Amino acid sequence: MRSYELYVFDFDGTLANSEESLYPVFTQGFKAIGRECSPEEVGIYMHISLLQTLELAKIEGDDQKKFIEAIIATLDSEESLSLIRLFDDTAPVLRQLKAQGKKLAVASNNVTAHIKKVLEKFGIESYFDVYVGSDSVAHTKPAPDMILKACHDLNVPISETIYIGDSLQDAETARAAKAAEALIDRHKEHEDFVGKRIFSLFELLS
């Protein structure tokens, strides 16, 4: 794979294995409005913003405020944080990219403060030059805003930028921004994907 000046990473499912941790988060969110959610639904919600979740789950009126408040309150709880794991390739690949002088950013539909808190827990927050969460832009993924903001803040042209994510929405976001894309497919779930597909972050170094 060719080298880029800026490597922009998705967070959930790309840098951190957070699906298990998000189950209690969404459980509490739906409990606050008298509903339940399944692990399969969590697997969908973890890849989209809270506003997209509200729309998809048809949460309306006063329930929206209750749901969001419960989500935010649980997101940084000890129970949730204790269940998050970095993927084995995350830290070594970030370390090598920084050693090569690359610029790194996170662009995620998750909340900026939560992303920083998790990466601080694992001691890798300093690898990133810019954090762009859902609270940092007017339009979340699949709009290109997050990637474009990272490029603007770091003064890097889009032609020298690659976005790495684990969902089809991430690939759509990269294409909307006209950045290079790399879909990390650790479990080989996207066999029909037409585009650059990798199975480990280590492939970014080759």
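Computed from a predicted structure; not experimentally measured. Each residue takes its place number in the sequence, starting with 1.
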Sequence-distant partners of Lys149, salt bridge (charged side-chain N to carboxylate O under 4.0 Å, His left out), two or more places apart: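 Counting only residues at least two positions away or on another chain, Lys149 forms a salt bridge (charged side-chain N to carboxylate O under 4.0 Å, His left out) with Asp153.
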Those residues that, when tested against Glu181, pass salt bridge (charged side-chain N to carboxylate O under 4.0 Å, His left out) (two or more places apart):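 Partners of Glu181 by the salt bridge (charged side-chain N to carboxylate O under 4.0 Å, His left out) criterion, ordered by chain and then number, come out as Arg175.
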Pairwise salt bridge (charged side-chain N to carboxylate O under 4.0 Å, His left out) hits with a residue in [range], at least two apart:
range	value
residues 114-131	Lys98-Asp129
residues 186-206	Asp89-Arg186, Asp185-Arg197, Glu191-Arg197
residues 39-55	none
residues 71-87	none

Residue pairs passing the ring-ring contact (aromatic ring centres under 6.0 Å, His included) test where at least one lies in residues 137-185, sequence neighbours excluded: none
Contact list for residues 80-134, test ring-ring contact (aromatic ring centres under 6.0 Å, His included), sequence neighbours left out: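 For residues 80-134: Phe128-Tyr131.
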Would you be so kind as to tabulate the donor-acceptor pairs closer than 3.5 Å made by side chains of residues 164-174, with sequence neighbours excluded?
from: Asp166; atom 1: OD1; to: Thr14; atom 2: OG1; distance (Å): 3.3
from: Asp166; atom 1: OD2; to: His47; atom 2: NE2; distance (Å): 3.4
from: Ser167; atom 1: OG; to: Gln169; atom 2: N; distance (Å): 3.4
from: Ser167; atom 1: OG; to: Asp170; atom 2: N; distance (Å): 3.2
from: Ser167; atom 1: OG; to: Asp170; atom 2: OD2; distance (Å): 3.1
from: Gln169; atom 1: OE1; to: Asn109; atom 2: ND2; distance (Å): 3.4
from: Asp170; atom 1: OD1; to: Lys141; atom 2: NZ; distance (Å): 2.7
from: Asp170; atom 1: OD2; to: Asp166; atom 2: N; distance (Å): 3.0
from: Asp170; atom 1: OD2; to: Ser167; atom 2: N; distance (Å): 3.1
from: Thr173; atom 1: OG1; to: Gln169; atom 2: O; distance (Å): 2.8

Reported CD1-to-CG distance for the pair Ile198 and Leu183, which is rounded to 0.5 angstrom: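 Answer for the CD1-CG pair, Ile198 versus Leu183, is 8.0 Å.
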From Asp12 atom CG to Met46 atom CE, the distance as rounded to the nearest 0.5 Å: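 If I round to the nearest 0.5 Å, the distance is 5.0 Å.
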Polar side-chain atom of Thr161 near backbone of Pro157 as donor-acceptor pair, under 3.5 Å: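 Judged by distance alone, yes, a pair lies under 3.5 Å.
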Cluster companions of Phe199 among Ile, Leu, Val, Met, Phe, Trp, Tyr (side-chain spacing under 4.5 Å): none
Pairing residues for Thr74 by the side chain to side chain donor-acceptor pair (under 3.5 Å) criterion, not counting sequence neighbours: none
Tell me which donor-acceptor pairs under 3.5 Å the side chains of residues 24-37 have, and how far apart each pair is, sequence neighbours excluded?
from: Thr27; atom 1: OG1; to: Tyr23; atom 2: O; distance (Å): 2.7
from: Arg35; atom 1: NH1; to: Ala57; atom 2: O; distance (Å): 3.1
from: Arg35; atom 1: NH2; to: Ala57; atom 2: O; distance (Å): 2.9

Flag side-chain contact, heavy atom, 4.5 Å: Ile84 against Asn17: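 They are not in side-chain contact.
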